[in-house]
Participant: 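Let me begin by handing over the structure; questions about it come next.
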Amino acid sequence: MMKVRTRFAPSPTGYLHVGGIRTALFAWLVAQQANGAFILRIEDTDQSREVKGADEHIMKSLKGLGLVYDEGPDIGGPFAPYRQSERLESYKKWAQKLIDTGRAYADPYTPAEVQAFRDQAQKEKRPFLYRDHRPENPPVWDGMKPLRFKSAPKPYAWHDEVMGDLKTGPEVIDDFILIKSDGFPTYNFAHIIDDTEMEVSHIIRGQEFLASIPNYLNLYEALGLTPPTMATMPHILGPDGKKKLSKRDGAKDVLDYIRDGYLPEALVNFIASLGWNDGTEQEIFTAKELITKFSLSRVQKSGARFDEHRLEWMNGAHIRLLSLAELSDRIKTFWPAEADDYDDQYKHKVLALVQERLKFFKELPELTTFFFKDLPVNPELISNHKQLKKLSTDDLKTLLNAAKLELSDSDFTRDDLTTRLNGLLGLTHTKPPVLFSLIRIATTQAPASPGLAETLAVLGKDRSIARIDQTLASL
RNA sequence: GGCCCCGUCGUCUAGUGGUCCAGGACGUCAGGUUCUCAUCCUGAAGAUCGCGGGUUCGACUCCCGCCGGGGUCACCA
């Protein structure tokens, strides 16, 4: 059996969004599980659309998500080069073969003439077929005109790993351009040559190519080649659920998710689950599990809508799967500036308290600043509190003074704090919603925080008492 | 318009003729976890399985038609 070799072949026209990276993910998964190779090939045959630096950005995105490729433009490989613009000789060679066998010819028309044919077809509400205008005696190809494939229309039936058994009639086969007048090949031609030369076993690509596959099949035949396994992915839909996810409609760069503190494994899990599941009720998968359990045949044929809510939930779930040490290591760059003055031990304690609260790392500062910095007293936290606003200033002071007194005797271990806090409840004849809220607000000045006892334990005695004094002074 | 693909709770989905008056997850709502936020747990609402015909003792599952959505018909990929 042929070795499994899959490829991701983007054109360098911009960043990668979730929809784009999914084909890469599935190709990577297929290669990983078969112990095969995953290849990155840059399809830069359209100079006009090329965006400078986009190839670097794509490579960074792939690596950022852990989709490490075995062969590619920056690392080379047995079938280098991996940039189509550097493989022009190959295309020329194969094109010559086609010319020699009478299966390719020079297109004598000007673009305007072809456009006129096209307009005519559209006016008559029928599909445009170039071969209806195929010249009888085409000129010799001088490299200045487009080179067209001389198709041999016939029906096709083939199997697609995702879409199942497909078939089309001869009417969809046409003479498409192999080599453009600028000397560069079209995608339609180049990818077939490259996949052949690079011994690609599975072509995993988006749905926009589905209609062209019969044409590719016809070309493979003319070339005397056996086509690789085909797998066509449905599109990921934008929030409106209609159009495919696109940059124009605000699809985010996957690297932006990484920058916001989304975990690569969560992103990968989420993207895979958009249109794929293993048939069980499992939702959270590690990359390893994905590799063993993934299968193209279980990929949904219909498009799936991108749902940020679900991504957030899934990212939180993956964050909670991390050990504290791992989390600490990965979240390093997200601490608020004030945290610089604190040692790792202290940050660890803080992290332990917020781990179950984080949806993505970028939220870290707003969840933790009060652990590192005294926030100004915010009277609204009390005046807007449904229980506390009913109390008089004197009551508030009495409560806070009692708390201060009791806390002064504590060793500030979590257990001792819990005991004392509970004792205070009886002493002051108040309920938790009143007493604990007040102390929590006084010591954090934050709208939300982890549990009182554990928060105080991390804050420590001096700081806690000082903050109570500060609040007292403001009343 | 031709051709092709798709159509189950708001969303992601399970479901390959009977165990489905349709299961799980996200989201939403309610309750519990001595305080807030979150986690976790419990519960609730939420899908006449796009519509209409068949086939069958029986259809979400098979067939036909229709409707709706998408893709494609480039010297873009």
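Quick note on labels: first sequence line is chain A, next is B, and so on, each numbered from 1.
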Participant: I need the CD-C1' distance between A:E308 and B:G10, as an integer number of Å.
Facilitator: 16 Å
Participant: Of all the choices, B:G2, B:U34, B:C37, which nucleotide is nearest to the side chain of A:P432 once you look at every atom?
Facilitator: B:U34
Participant: If only atom types and distance count, is the side chain of A:W141 paired as donor or acceptor with the main-chain N or O of A:K145 below 3.5 Å?
Facilitator: yes
Participant: Would you mind telling me which of B:G70, B:C26, B:C35 lies closest to the side-chain atoms of A:W313?
Facilitator: B:C26
Participant: Write down the distance separating the C1' atoms in B:C9 and B:G1, rounded off to the nearest Å.
Facilitator: 36 Å
Participant: Under 4.0 Å from OP1 or OP2 of B:U11: is there any side-chain N or O of A:R305 that close?
Facilitator: yes
Participant: Whole-Å distance between B:A74 P and A:Y130 OH?
Facilitator: 12 Å
Participant: Does B:C5 have OP1 or OP2 sitting under 4.0 Å from an N or O in the side chain of A:K301?
Facilitator: no
Participant: For nucleotides B:C63 and B:C4, find the distance between their P atoms and express it as a whole number of Å.
Facilitator: 16 Å
Participant: Have a look at A:F270 and tell me which of A:F306, A:Y257, A:Y262, A:W276 forms a ring-ring contact (aromatic ring centres under 6.0 Å, His included) with it.
Facilitator: A:F306
Participant: In whole angstrom, give the distance that lies between atom OH of A:Y156 and atom C1' of B:C5.
Facilitator: 20 Å
Participant: To the nearest Å, how far apart are A:L424 CG and B:C35 C1'?
Facilitator: 13 Å
Participant: What about A:F117 and A:Y109, are their ring centers closer than 6.0 Å?
Facilitator: yes
Participant: What does A:K167 touch in the nucleic acid at a heavy-atom separation under 4.0 angstrom: a base, only the sugar-phosphate, or nothing?
Facilitator: sugar-phosphate
Participant: Check whether any side-chain nitrogen or oxygen of A:Q355 sits under 4.0 Å from OP1 or OP2 of B:A38, and answer yes or no.
Facilitator: no
Participant: Name the pairs: protein N/O against N/O of nucleotides 75-77 of chain B, kept only if under 3.5 Å.
Facilitator:
{"from": "B:C75", "atom 1": "OP2", "to": "A:R148", "atom 2": "NH2", "distance (Å)": "3.4"}
{"from": "B:C75", "atom 1": "O2", "to": "A:S181", "atom 2": "N", "distance (Å)": "2.8"}
{"from": "B:C75", "atom 1": "O2", "to": "A:S181", "atom 2": "OG", "distance (Å)": "2.7"}
{"from": "B:C75", "atom 1": "N3", "to": "A:S181", "atom 2": "OG", "distance (Å)": "3.0"}
{"from": "B:C76", "atom 1": "OP2", "to": "A:K180", "atom 2": "NZ", "distance (Å)": "3.0"}
{"from": "B:C76", "atom 1": "O2'", "to": "A:D46", "atom 2": "OD2", "distance (Å)": "3.2"}
{"from": "B:C76", "atom 1": "O2'", "to": "A:R49", "atom 2": "NE", "distance (Å)": "3.0"}
{"from": "B:C76", "atom 1": "O2'", "to": "A:R49", "atom 2": "NH2", "distance (Å)": "3.2"}
{"from": "B:A77", "atom 1": "OP1", "to": "A:T45", "atom 2": "OG1", "distance (Å)": "2.6"}
{"from": "B:A77", "atom 1": "OP1", "to": "A:K180", "atom 2": "NZ", "distance (Å)": "3.1"}
{"from": "B:A77", "atom 1": "OP2", "to": "A:Y187", "atom 2": "N", "distance (Å)": "3.0"}
{"from": "B:A77", "atom 1": "O3'", "to": "A:E43", "atom 2": "OE1", "distance (Å)": "3.2"}

Participant: Describe the nucleic acid contact of A:L166 in one word from base, sugar-phosphate, nothing, applying a heavy-atom distance below 4.0 Å.
Facilitator: sugar-phosphate
Participant: Once you round it to whole Å, what is the distance between P of B:U34 and NE2 of A:H429?
Facilitator: 22 Å
Participant: How would you label the contact of A:G316 with the nucleic acid (heavy atoms, under 4.0 Å): base, sugar-phosphate, or nothing?
Facilitator: nothing
Participant: Could you please name the partner base of B:G68, counting Watson-Crick and G-U wobble pairs only when both distances are under 3.5 Å?
Facilitator: B:C6
Participant: P atom, B:C75 versus B:G70: distance in rounded Å?
Facilitator: 25 Å
Participant: Provide the Watson-Crick or G-U wobble partner of B:U56, both distances under 3.5 Å; none if there is no partner.
Facilitator: none
Participant: Rounding to an integer number of angstrom, what distance separates B:G69 and B:G53 when you compare their P atoms?
Facilitator: 23 Å
Participant: Has the side chain of A:T280 got a donor or acceptor atom that lies under 3.5 Å from a matching backbone atom of A:Q282?
Facilitator: yes
Participant: Please tell me whether A:D160 and A:T232 have a donor and an acceptor in their side chains that are separated by less than 3.5 angstrom.
Facilitator: yes
Participant: Expressed as a whole number of angstroms, how long is the span from A:K244:NZ to B:G69:P?
Facilitator: 19 Å
Participant: Would you mind classifying the nucleic acid contact of A:P234 as base, sugar-phosphate or nothing, using non-hydrogen atoms under 4.0 angstrom?
Facilitator: nothing
Participant: Roughly how far apart, to the nearest Å, are B:G65 and B:U72 at atom C1'?
Facilitator: 24 Å
Participant: Taking only N and O in the side chain of A:N277, is any of them less than 4.0 Å away from OP1 or OP2 of B:A14?
Facilitator: yes
Participant: Under a 3.5 Å cut-off for both distances, is B:U36 Watson-Crick or wobble paired, and to whom?
Facilitator: none
Participant: Can a salt bridge be assigned to the pair A:E356 and A:R320 using a cut-off of 4.0 Å between side-chain N and carboxylate O?
Facilitator: no
Participant: What's the gap between B:A25 and B:A44 when it is taken at their P atoms, as a whole Å value?
Facilitator: 12 Å
Participant: Just by distance, with hydrogens left out, do A:Y187 and A:D46 show a side-chain donor and acceptor under 3.5 Å apart?
Facilitator: no
Participant: Between B:G68 and B:A77, how far is it from one P atom to the other, in whole Å?
Facilitator: 34 Å
Participant: Pick the nucleotide of RNA chain B nearest each of A:V434 and A:D165; which residue has the one closer to the 5' end?
Facilitator: A:D165
Participant: Could you tell me how far apart A:D174 (CG) and B:U72 (C1') are, to the nearest whole angstrom?
Facilitator: 13 Å
Participant: Please tell me which of A:K125 and A:H309 maps to the more 5' nucleotide of RNA chain B, matching each residue to the nucleotide holding its nearest heavy atom.
Facilitator: A:K125
Participant: Whom does B:A25 pair with, Watson-Crick or G-U wobble, provided both distances fall under 3.5 Å?
Facilitator: B:U11
Participant: Looking only at side-chain atoms of A:R310, point me to the closest of B:G27, B:A25, B:U13.
Facilitator: B:A25
Participant: For A:E171, answer base if it contacts any base atom (sugar-phosphate contacts may also be present), sugar-phosphate if it contacts only those atoms, and nothing otherwise; contact means non-hydrogen atoms under 4.0 Å.
Facilitator: sugar-phosphate
Participant: Of all the nucleotides listed (B:C5, B:U34, B:G2), which has the minimum atom distance to the side chain of A:Q207?
Facilitator: B:C5
Participant: If only atom types and distance count, is the side chain of A:T413 paired as donor or acceptor with the main-chain N or O of A:D416 below 3.5 Å?
Facilitator: yes
Participant: For a quick check of understanding: with a heavy-atom distance under 4.0 Å over all strands, which category does A:S449 fall into, base, sugar-phosphate or nothing?
Facilitator: base
Participant: B:G50 and B:C6: how far apart are their C1' atoms, nearest whole angstrom?
Facilitator: 12 Å
Participant: Is a side-chain donor or acceptor of A:T471 paired with a backbone partner of A:R467 at a separation under 3.5 angstrom?
Facilitator: yes
Participant: Nearest-Å distance, CG (A:D307) to C1' (B:G10)?
Facilitator: 10 Å
Participant: Of the listed nucleotides (B:U34, B:A14, B:G70), which one gets closest to any side-chain atom of A:R298?
Facilitator: B:A14
Participant: Got a sec: does the NZ of A:K293 have more than 12 other heavy atoms crowding it under 6.0 Å?
Facilitator: yes
Participant: By the 4.0 Å heavy-atom rule, please label A:Q122 as base, sugar-phosphate, or nothing.
Facilitator: nothing
Participant: Counting the atoms with a prime plus P, OP1 and OP2 as sugar-phosphate, which does A:L210 contact under 4.0 Å by heavy atoms, base, sugar-phosphate, or nothing?
Facilitator: sugar-phosphate
Participant: Once you apply a heavy-atom cut-off of 4.0 Å, does A:E281 come out as touching a base, just sugar-phosphate, or nothing?
Facilitator: sugar-phosphate
Participant: Could you check whether any side-chain N or O of A:E265 sits under 3.5 Å from a backbone N or O of A:A287, counting only pairs where one atom can act as donor and the other as acceptor?
Facilitator: no
Participant: What is the base-pairing partner of B:G46, counting Watson-Crick and G-U wobble geometry with both distances under 3.5 Å?
Facilitator: none
